[in-house]
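Labels below follow one simple rule: chain letters A, B, ... track the order of the sequence lines, proteins then strands, and each chain is numbered from 1.
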Number of protein chains: 2
Amino acid sequence: MTEYLPHPPAEYIALPAVLTALGDETRLAIIAILARNGERAMTCGQFLQFGSKTAISYHVAKLREAGIIHVRPEGTKRLLTLRRGDLESRFPGFLDTVIASTAATLPYNSLGMPEAAQFAGE
Amino acid sequence: MTEYLPHPPAEYIALPAVLTALGDETRLAIIAILARNGERAMTCGQFLQFGSKTAISYHVAKLREAGIIHVRPEGTKRLLTLRRGDLESRFPGFLDTVIASTAATLPYNSLGMPEAAQFAGE
DNA sequence: TCATTAGTTCAATGATCATTGAACATTAAG
DNA sequence: CTTAATGTTCAATGATCATTGAACTAATGA
């Protein structure tokens with residue numbers, strides 16, 4: 001299972017694919033929370049509030065295939081990170097405006113964390 | 001046929017719906033060209049390069065329902081305009097970054113116009 | 001009046017979507 | 001070795017998508 005998951009190289013990230021991937025409430029919520037979480041990676045399990053294991057696995061794959069997130073296997077977990085740099089170089093300003101626009105809409109602090117702490121160990 | 005087409009009021013424009021609507025090459029091309037055309041309205045007929053009458057009618061309806069464009073009947077035509085102001089107030093910076101990102105990808109000058117002129121009379 | 005222009009509506013089609021539950025694979029922990 | 005934790009894969013399902021052609025509506029122009 002420590003296999004390499006396919007990620008499109010930065011220069012292949014396509015705008016229609018990115019827009020389509022983000023045009024879903026669940027996936028938008030996932031990237032909004034990833035963005036709020038700063039540089040810290042998160043796991044699929046942290047998004048089970050938004051759907052079943054299967055559903056999250058599906059959405060995470062969509063985000064990965066579109067080039068929006070990077071997924072790194074670590075033990076039985078997957079460490080998810082936003083591909084901020086790649087998206088910024090390809091579509092300057094885009095991700096930030098989406099995140100900012102999402103902030104107003106997102107259910108308040110969907111992770112229910114007072115401040116970091118639940119991923120102190122990495 | 002001079003009936004009113006339904007448009008969502010600005011405050012009801014939803015980000016997932018906007019992203020979904022733009023996550024299609026044809027619709028992305030349409031809004032990119034509308035954007036390039038400045039304030040000048042355009043008609044459905046000017047987008048037949050991207051599909052049949054039926055297809056364009058379908059895509060234009062999607063863009064309208066998402067709140068991205070405004071459609072005003074004028075004779076047998078429909079005058080299409082980008083809802084720049086509404087989108088800007090709702091999702092600041094978003095449309096501009098999308099347009100800018102699209103510019104690099106779009107087939108060069110899809111309308112083949114040397115400079116305005118084809119809609120001098122309005 | 002009659003034909004033309006511009007776009008819509010409808011039904012059909014094949015494709016892709018998002019979701020579910022069951023089964024499975026992999027790693028970690030006791 | 002056994003069990004638990006974390007995700008993935010698969011098949012099935014119902015929903016929505018994008019497209020087509022035929023028929024239609026409404027406004028314009030000869």
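Set against D:dT6, D:dC10, D:dT28, the side chain of B:Thr76 has D:dT28 as its closest nucleotide. Side-chain proximity of B:Cys44 to D:dT19, D:dT8, C:dG7: nearest is C:dG7. In the set C:dG7, C:dT19, D:dA18, C:dT19 carries the atom at the smallest distance from any side-chain atom of A:Thr26. Each of D:dT9, C:dC17, D:dG21 was ranked by its minimum atom distance to the side chain of A:Thr54; first place goes to D:dT9.
The interatomic distance linking A:Tyr58 (OH) with D:dT9 (P) rounds to 14 Å, in whole Å. Separating the NZ atom of B:Lys77 from the C1' atom of D:dG29 is a distance of 13 Å, rounded to the nearest angstrom. With rounding to whole Å, A:Lys53 atom NZ is found 11 Å from D:dA4 atom C1'. Rounded to an integer number of Å, the gap from CG of A:Leu48 to P of C:dG21 is 14 Å. Atom CG in A:Leu79 sits roughly 9 Å away from atom P in D:dG7 (whole-Å rounding). The interatomic distance linking A:Arg78 (CZ) with D:dG7 (C1') rounds to 6 Å, in whole Å. When rounded to the nearest whole Å, the span between CD of B:Glu74 and P of D:dA26 equals 18 Å. Atom pair A:His59:NE2 and C:dT19:C1' shows a separation of 8 Å (rounding to whole Å applied).
Although no hydrogens or angles enter the test, the distance criterion places no donor-acceptor pair under 3.5 Å between the side chain of A:Glu65 and the main chain of A:His7. One N or O on the side chain of A:Arg90 and one on the backbone of A:Ile13 form a donor-acceptor pair closer than 3.5 Å.
Taking only side-chain nitrogens and oxygens, A:Ser57 comes nearer than 4.0 Å to OP1 or OP2 of D:dT8.
A 4.5 Å side-chain heavy-atom check between A:Phe50 and A:Ile33 finds at least one atom pair inside the cut-off. Under the 4.5 Å side-chain criterion, counting only non-hydrogen atoms from C-beta, B:His59 is in contact with B:Asp24.
Of the options B:Lys77, B:Arg72, B:Arg78, a side chain to side chain donor-acceptor pair (under 3.5 Å) to B:Glu74 is made by B:Arg72 and by none of the others.
Of the two residues near DNA chain C, A:Ala55 and A:Thr20, the one whose nearest nucleotide lies more 5' is A:Thr20.
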